[in-house]
Amino acid sequence: MELRGRVGIVTGGGVRVGRAIALGLARSGVDVFIHYNRSADPAERTAEEARNLGVRAAVGSVDLSDPVNAAALVDLTQQSLGQPSILVNSASGFPSDTIADVSVDAWRATLDLTLASPVFATQAFAAALPEDLDGAVVNITDVRTQTPYREHFSYVVAKGGIDTFTKTAALQLAPRIRVNAVALGVILPPPHEDDDYASRLAADLPLARVGGTGPVVATILSLLENDFVTGEIVRVDGGGHLT
Ligand SMILES: NC(=O)c1ccc[n+]([C@@H]2O[C@H](COP(=O)([O-])OP(=O)(O)OC[C@H]3O[C@@H](n4cnc5c(N)ncnc54)[C@H](OP(=O)(O)O)[C@@H]3O)[C@@H](O)[C@H]2O)c1
């Protein structure tokens, strides 16, 4: 798939991993719609950086805690930049809970934001894509769906749903739309933790370091460009799954 000249949506594109993805798309010539919830200023700064890379960029706020709102991502993109043919579902929660203490409301909140919104964003994206245009979706998941955390129960179940959603949607939306996922390991420390936190986690990895966003962006671009790959979940985890 030739990326240059396409329009792409990045959910959670104003900060951290999402921001790096948005700028990676921009560097590849994709006009980017940078979605945010609360990070209005960072999203605008990311858009400005994208424009400096020579593409068009727009920002828009959608609260994805209610999956009913997810279709607005496509509407806002069409209004600002034109028809999207790339969707990267990166926005997510990361609550701490266990099966012993999660409430029904907290469970629903995690599943709505982290699983249902990517599903309904993809549904809206597919419904809007014209017959004569191909498209690609990349979901951001977590390697810990295979080796679960002890303390992020609802999150890891929701991301496990993303894995199955990726494969099922890839089958149902083929051949016109490809759906893949990138499963992240230790990429950045959580927002309220310092670099030492991530370094401690990374010490046990075969590749013995924190990934940073570069390898994530490279993998996403490769999945977007490679027309013969769909339903794939690529781990970017420094070999963590081997130990
Ligand atoms: N960082 C890592 O090492 C790592 C590891 C494994 C997996 N991942 C996955 O990679 C992706 C990005 O991770 P990250 O660490 O960059 O995430 P993060 O810092 O936790 O950021 C969360 C993102 O989700 C958005 N978001 C939160 N609540 C929202 C809501 N109600 N409606 C719409 N958007 C909402 C935020 O938007 P605003 O800031 O605009 O509110 C923000 O862009 C996530 O899917 C995460 O699960 C990351």
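Heavy-atom basis, side chains included; hydrogens, waters and symmetry copies ignored. Every number for a ligand or one of its atoms is a count from 1 in the order of the listing. Throughout, residue positions are numbered sequentially from 1 according to the sequence presented.
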task: Please name all residues satisfying salt bridge (charged side-chain N to carboxylate O under 4.0 Å, His left out) with E151, sequence neighbours left out, ordered by chain then number.
output: none

- request: Output the set of protein residues with a heavy-atom contact under 4.0 Å to ligand 1, ordered first by chain identifier and then by residue number.
  value: G12, V15, R16, V17, H35, Y36, N37, R38, S39, V62, D63, L64, S65, S90, A91, S92, L113, I140, T141, D142, Y155, K159, L184, G185, I187, L188, P191

field: Listed partners of T145 passing side-chain hydrogen bond (donor to acceptor under 3.5 Å, both in side chains), at least two apart
entry: D163

statement: Heavy-atom nearest pair, L81 first then R56, reads O-NH2, 2.7 Å

Polar side chain donor-acceptor pair, S65 to D63, under 3.5 angstrom: yes

Distance-only donor-acceptor hits, side chain of residues 174-184, under 3.5 Å, sequence neighbours excluded:
{"from": "R176", "atom 1": "NH1", "to": "L129", "atom 2": "O", "distance (Å)": "3.3"}
{"from": "R176", "atom 1": "NH1", "to": "P130", "atom 2": "O", "distance (Å)": "2.6"}
{"from": "R176", "atom 1": "NH1", "to": "L133", "atom 2": "O", "distance (Å)": "3.1"}
{"from": "R178", "atom 1": "NH1", "to": "L223", "atom 2": "O", "distance (Å)": "2.8"}
{"from": "R178", "atom 1": "NH1", "to": "N226", "atom 2": "O", "distance (Å)": "2.8"}
{"from": "R178", "atom 1": "NH1", "to": "V229", "atom 2": "O", "distance (Å)": "3.1"}
{"from": "R178", "atom 1": "NH2", "to": "L224", "atom 2": "O", "distance (Å)": "2.5"}
{"from": "N180", "atom 1": "OD1", "to": "G231", "atom 2": "N", "distance (Å)": "3.2"}
{"from": "N180", "atom 1": "OD1", "to": "E232", "atom 2": "N", "distance (Å)": "2.9"}
{"from": "N180", "atom 1": "ND2", "to": "V229", "atom 2": "O", "distance (Å)": "3.0"}

query: When you look at CD1 of I99, are more than 12 heavy atoms from neighbouring residues, nucleotides or ligands closer to it than 6.0 Å?
result: no

